[in-house]
Each structure stands twice: as structure tokens, then as C-alpha cells.
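All figures in this text were calculated on a predicted structure; none of them were measured in a lab. Heavy-atom basis, side chains included; hydrogens, waters and symmetry copies ignored.
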Amino acid sequence: MKALFVSNDRALFNKESDVRARMRAYAAAIGELHIVCATDHFGTEEDGPLTLHGVLVPRLLRANVLAGKTRELIQKFGIEIVSAQDPFEHGWAAMKGVEGTTAKLHIQVHTDFLSPWFLRSGNWRSPEVSPPFLNRIRRHLADQVLPRAHGIRVVSNRVKESLTKRYGNRIKVPTVIPIGAGTELPPAVPLPPHSFSFALITVGRLEPEKCIEDILYALARAGYEYQTVGLVIVGDGSERGRLERIVKRLGLTERVLFAGWQEGKAWGMMRSAQAYIQASAYEGYGRTLIEAALAGIPIITTDVGIVGDVLVGYEDILSAPVGDPAALATHIKGLVNDHQARKTFTMNAEMKAKEHLAGIGSLPARIADDLAHTLTYG
């Protein structure tokens with residue numbers, strides 16, 4: 001089978017990156033895999049059955065250029081199926097690229113873009129959440145792309161249910177293939193120097209949808225009674241400057257550490273914390289929840305992604321509504337106070353995460369099978 005992925009993950013061009021290793025495995029299972037990606041690396045790079053095609057193009061022209069490049073690669077290499085990493089700009093490029101060819105269109109959906117929080121710009125509980133206006137355009141693009149796809153892969157039952165509710169029989173039945181997570185637990189990595197007696201950790205991109213400010217407000221609420229509870233933020237992004245200003249405004253300078261990106265260390269750092277906390281407005285899957293469960297620490301999270309499906313609130317984790325810092329603060333205080341609850345949640349979540357990963361099987365083989373199945377559609 002000859003497949004082409006339309007991607008925007010620049011880490012593909014780092015031979016030592018996890019995503020490069022993952023794509024090598026996909027290529028071996030598929031037979032021949034090409035990936036076209038808008039990046040700073042212009043040109044073609046071969047890596048066994050994997051071939052990368054870098055396209056250097058301004059952002060405003062990206063979708064059109066990717067569509068043209070996709071059509072060119074289909075014709076040059078006899079590509080049978082094109083899979084886009086999202087149903088938005090890359091999905092549109094893939095859709096336009098396959099027009100007039102015999103190649104099939106396959107769309108991957110990694111985020112819960114039908115969550116009301118994908119468009120919502122704040123409420124009384126979380127007034128500073130401000131998703132980008134671009135999200136409205138992206139949902140409009142998805143409405144055009146998904147009904148034309150010959151196959152759709154989603155990463156969780158939550159996303160499948162949301163697509164089925166919106167599109168019904170106008171789309172092919174989505175296939176649920178979760179995101180893979182490592183099973184070999186890394187050694188513990190010390191947290192940056194701090195004076196916390198109870199260290200919370202959160203890991204991820206510092207972008208609006210991650211709602212890190214809700215964790216800060218929750219920490220401030222809990223801090224009235226628990227002055228030695230602190231937070232380590234692992235990650236970086238466009239929100240960092242604003243979050244640093246919120247930290248100062250709330251008087252949390254001594255209780256919040258911005259650790260930045262920690263390539264290859266974030267999972268190990270979880271093992272050195274007392275609890276993991278996440279306040280995302282929406283998630284397609286939520287791999288860090290699986291990693292936190294395997295790291296052996298209790299989890300506080302909003303009701304997103306695999307919550308309720310893989311990890312159940314008040315059985316395996318403590319879950320809270322999106323945009324509710326007060327609920328997060330209550331959960332923080334509960335974990336600090338209740339050693340037995342921490343132990344029970346940790347044990348249950350670890351067991352559920354291991355069962356979930358065991359049920360995934362070979363991710364490259366499942367991806368290849370899904371693409372092969374898509375080829376059977378007329």
C-alpha cells in the first residue's frame with residue numbers, strides 16, 4: 001500500500017524525535033509512506049520505507065500549496081490513500097489534493113472540536129479563556145471535509161460520539177484508534193528546587209485551550225489554607241507571558257515554577273510530584289493522563305478526552321467541570337488531606353491505564369489496517 005500523510009509536525013525532520021520513530025514504524029506496517037509537511041526543511045528526505053517532503057511556504061498560502069503538493073505526489077508515486085492529521089487546514093488540503101485522482105481520502109481527528117469550549121470565549125467562572133477565532137473557521141472546514149472522507153480515524157469514544165451526533169450517516173463510521181503511550185516507565189527526574197510540601201505538576205502546551213489559569217486560580221483558593229502546596233508547569237507556548245502575569249497578580253510567585261519544555265524528562269518529573277493536575281477545556285485523548293497514571297500519582301482533571309471512558313471520575317481520578325477553578329481547588333485540598341484517597345486513586349488509575357494500553361495492541365498495525373479498509377470504499 002502506498003500512503004501519504006499531510007502533516008504539520010516539524011519534529012518529523014529530527015531523526016531522534018519520538019514522532020520520527022513512530023512514523024518509521026507506521027511506514028514499515030503500511031509498506032510505503034510519504035509525508036508532506038510545511039516546515040523550514042525544504043526538500044525530500046528518505047528513511048527506508050518513509051519519505052519526507054518538506055515544503056517551505058508562508059502560513060497564509062499553506063493549505064493551497066499543500067493541496068498542490070499532495071496532488072503532485074499522488075501522481076508521481078502512485079499514492080493510493082491520503083490521510084490528513086486533522087479535518088481543518090490539512091484536511092482541506094488533502095481533500096483538494098485527491099480531487100480528480102483515484103486516491104482515497106482519510107481523515108484523522110485528534111481533538112474534540114465539537115466540544116462547546118472549542119468555540120466558547122469564556123464564562124463567569126473562567127473569564128480569561130479565549131479560544132482563537134480561527135476555531136470557527138476550522139469547524140466550518142471540518143463540516144466540508146468529513147462528509148467527503150472515505151475513512152475517519154478518531155482517538156477516543158468521546159470524539160466518535162460527538163461526530164456521530166453532529167453528522168449522522170453523512171460520514172463514514174469513525175474507527176477509534178487511541179494514541180499510543182509508552183509502557184516502560186522512565187526513572188524519576190527531580191523537580192526544580194522548591195519549598196513545596198505538596199507539589200502539583202501539569203504538562204503540556206501553554207495555549208488557551210489548556211486553561212492553565214484555572215489551575216492558578218484554584219491554587220490561590222487552596223492557598224488560603226494550604227500555603228505550602230505548589231505547582232510545577234512543564235511546557236511552553238503563547239500563553240506563558242500572560243500566565244506569568246497572573247501568577248504575580250495572585251501572589252503565587254513563590255508557589256509556581258515555570259519549568260519550560262523538558263524534552264524527554266516530563267514523564268520522569270511526574271514521578272517526583274505528589275499529584276498531576278489538568279484543566280483543559282477540551283481534549284481528543286489526553287495522553288498525559290495515562291502517563292500520570294503510570295507514574296503512580298493521583299490525578300485531578302477536567303472532564304475531557306478519555307475521562308469517563310478509560311479513567312472514571314471518583315473511582316480512578318478526581319474530575320471537575322471545565323472552567324470551574326473552585327472545583328479544582330476542592331480536589332486539591334481533598335488530596336492533600338486524605339492520604340488513603342491518594343493511594344486508592346493512584347492504584348485504580350494505574351490499573352485502568354495498563355488495561356487500556358494492553359487493549360490497544362500494535363498501533364502501527366491498526367493504523368495500516370484502517371487505511372487498507374478505507375481503500376475498499378468505492
Side-chain angles (χ1 to χ4, degrees), residues 1-10 12-13 23 26-27 29-39 41-46 49-111 113 134 136-154 163 166-175 177 367-378:
M1 179 169 49
K2 296 183 177 182
L4 170 66
F5 286 3
V6 183
S7 173
N8 74 342
D9 196 333
R10 298 185 177 192
L12 283 164
F13 291 87
M23 291 304 113
Y26 288 178
I30 291 168
E32 181 178 330
L33 175 61
H34 297 260
I35 303 179
V36 59
C37 179
T39 178
H41 296 75
F42 179 78
T44 300
E45 182 179 340
E46 294 186 6
L50 174 66
T51 304
L52 305 178
H53 305 271
V55 179
L56 188 61
V57 61
R59 185 175 182 85
L60 290 177
L61 301 176
R62 184 173 298 174
N64 284 323
V65 172
L66 285 175
K69 187 66 174 180
T70 295
R71 187 177 297 109
E72 175 191 323
L73 294 173
I74 291 172
Q75 295 168 348
K76 181 176 181 179
F77 294 101
I79 299 296
E80 300 169 85
I81 185 166
V82 177
S83 181
Q85 70 165 36
D86 62 54
F88 314 130
E89 299 94 320
H90 297 87
W92 186 90
M95 180 184 73
K96 290 298 181 181
V98 303
E99 285 181 355
T101 75
T102 59
K104 302 297 184 183
L105 176 63
H106 180 271
I107 300 295
Q108 303 173 43
V109 184
H110 292 262
T111 193
F113 72 92
L134 184 58
R136 295 187 181 276
I137 299 174
R138 285 173 171 159
R139 185 176 286 186
H140 177 69
L141 288 174
D143 286 343
Q144 298 180 57
V145 170
L146 288 170
R148 300 191 47 189
H150 299 95
I152 300 171
R153 175 247 174 142
V154 299
L163 294 185
R166 183 175 180 87
Y167 301 108
N169 60 9
R170 292 188 294 129
I171 63 172
K172 297 294 188 294
V173 177
T175 300
I177 304 178
I367 295 292
D369 287 346
D370 188 43
L371 295 176
H373 181 68
T374 299
L375 285 176
T376 65
Y377 284 108

For residues 94-103, run the donor-acceptor check on the side chains, cut-off 3.5 Å, and write out each pair with its distance to 0.1 Å, sequence neighbours left out.
unit_1 : atom_1 : unit_2 : atom_2 : d
E99    : OE2    : R148   : NH2    : 3.1
T101   : OG1    : V98    : O      : 2.7
T101   : OG1    : A103   : N      : 3.2

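With hydrogens and angles disregarded, a donor-acceptor distance shorter than 3.5 Å links the side chain of H150 to the backbone of L105.
When the side chain to side chain donor-acceptor pair (under 3.5 Å) test is applied to R166, the partners found at least two apart in sequence or on another chain are D143. Applying the side chain to side chain donor-acceptor pair (under 3.5 Å) rule to T175 yields the partners D370; only residues at least two apart in sequence or on another chain are considered. In this structure F113 satisfies the ring pair (Phe, Tyr, Trp, His ring centres under 6.0 Å) test together with F88, sequence neighbours excluded. For H373, the ring pair (Phe, Tyr, Trp, His ring centres under 6.0 Å) test picks out Y377, with sequence neighbours left out. For Y167, the ring pair (Phe, Tyr, Trp, His ring centres under 6.0 Å) test picks out no residue, with sequence neighbours left out. Residues forming a side chain to side chain donor-acceptor pair (under 3.5 Å) with K69 (at least two apart in sequence, or on another chain): E72. Residues passing the side chain to side chain contact (heavy atoms under 4.5 Å, CB included) test with A3, sequence neighbours excluded: I30, L33, I81, L371. Every residue meeting the side chain to side chain donor-acceptor pair (under 3.5 Å) condition with Q85, not counting sequence neighbours, appears here in chain and number order: S7, N8. Take H53 and apply the ring pair (Phe, Tyr, Trp, His ring centres under 6.0 Å) test, not counting sequence neighbours, and it matches H34, F77. Partners of P147 according to the side chain to side chain contact (heavy atoms under 4.5 Å, CB included) rule, which considers only residues two or more places apart in sequence or in another chain, are R170, I171. Every salt bridge (charged side-chain N to carboxylate O under 4.0 Å, His left out) that R10 has, sequence neighbours left out, goes to D40.
Between V154 and H110, the closest side-chain pair of non-hydrogen atoms is not below 4.5 Å. Contact of the F13 side chain with the C37 side chain is registered, since non-hydrogen atoms from C-beta on lie closer than 4.5 Å. Between R136 and H140, the closest side-chain pair of non-hydrogen atoms is not below 4.5 Å. Side-chain contact check for V109 versus D86: every heavy-atom pair is 4.5 Å or farther apart. The closest side-chain heavy-atom distance from K104 to V82 is not below 4.5 Å. Looking at T51 and E45, their side chains never come closer than 4.5 Å, going by heavy atoms from C-beta outward. Residues L52 and T44 have side chains not in contact (no heavy-atom distance under 4.5 Å, counting atoms from C-beta outward).
Here the closest non-hydrogen pair linking L163 and P174 is CD1-CG, 4.2 Å. Considering every non-hydrogen atom in both A149 and I107, the closest pair reads CB-CG1, 3.7 Å. Taking both residues in full, the closest heavy atoms of A63 and A93 are given as O-CB, 3.5 Å, listed atom of the first, atom of the second, then distance.
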Please determine whether side-chain contact (heavy atoms from CB on, under 4.5 Å) holds for the pair I35 and L4, giving the CA-CA distance in whole Å, both sets of side-chain angles, and the decisive distance to 0.1 Å.
CA-CA 5 Å; I35 303 179; L4 170 66; 5.6 Å; no
Step by step, would you call R138 with E89 a salt bridge (charged side-chain N to carboxylate O under 4.0 Å, His left out)?
CA-CA 7 Å; R138 285 173 171 159; E89 299 94 320; 3.2 Å; yes
Apply side-chain contact (heavy atoms from CB on, under 4.5 Å) to residues L12 and F5 and explain how you reach the verdict.
CA-CA 12 Å; L12 283 164; F5 286 3; over 6 Å; no
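Between D9 atom CG and H90 atom NE2 the span is 9.5 Å, to the nearest 0.5 Å. We find the CG-OG1 distance between L56 and T39 to be 8.0 Å, quoted to the nearest 0.5 Å. In this structure, M1 CE and I79 CD1 are separated by 11.0 Å, a value rounded to the nearest 0.5 Å.
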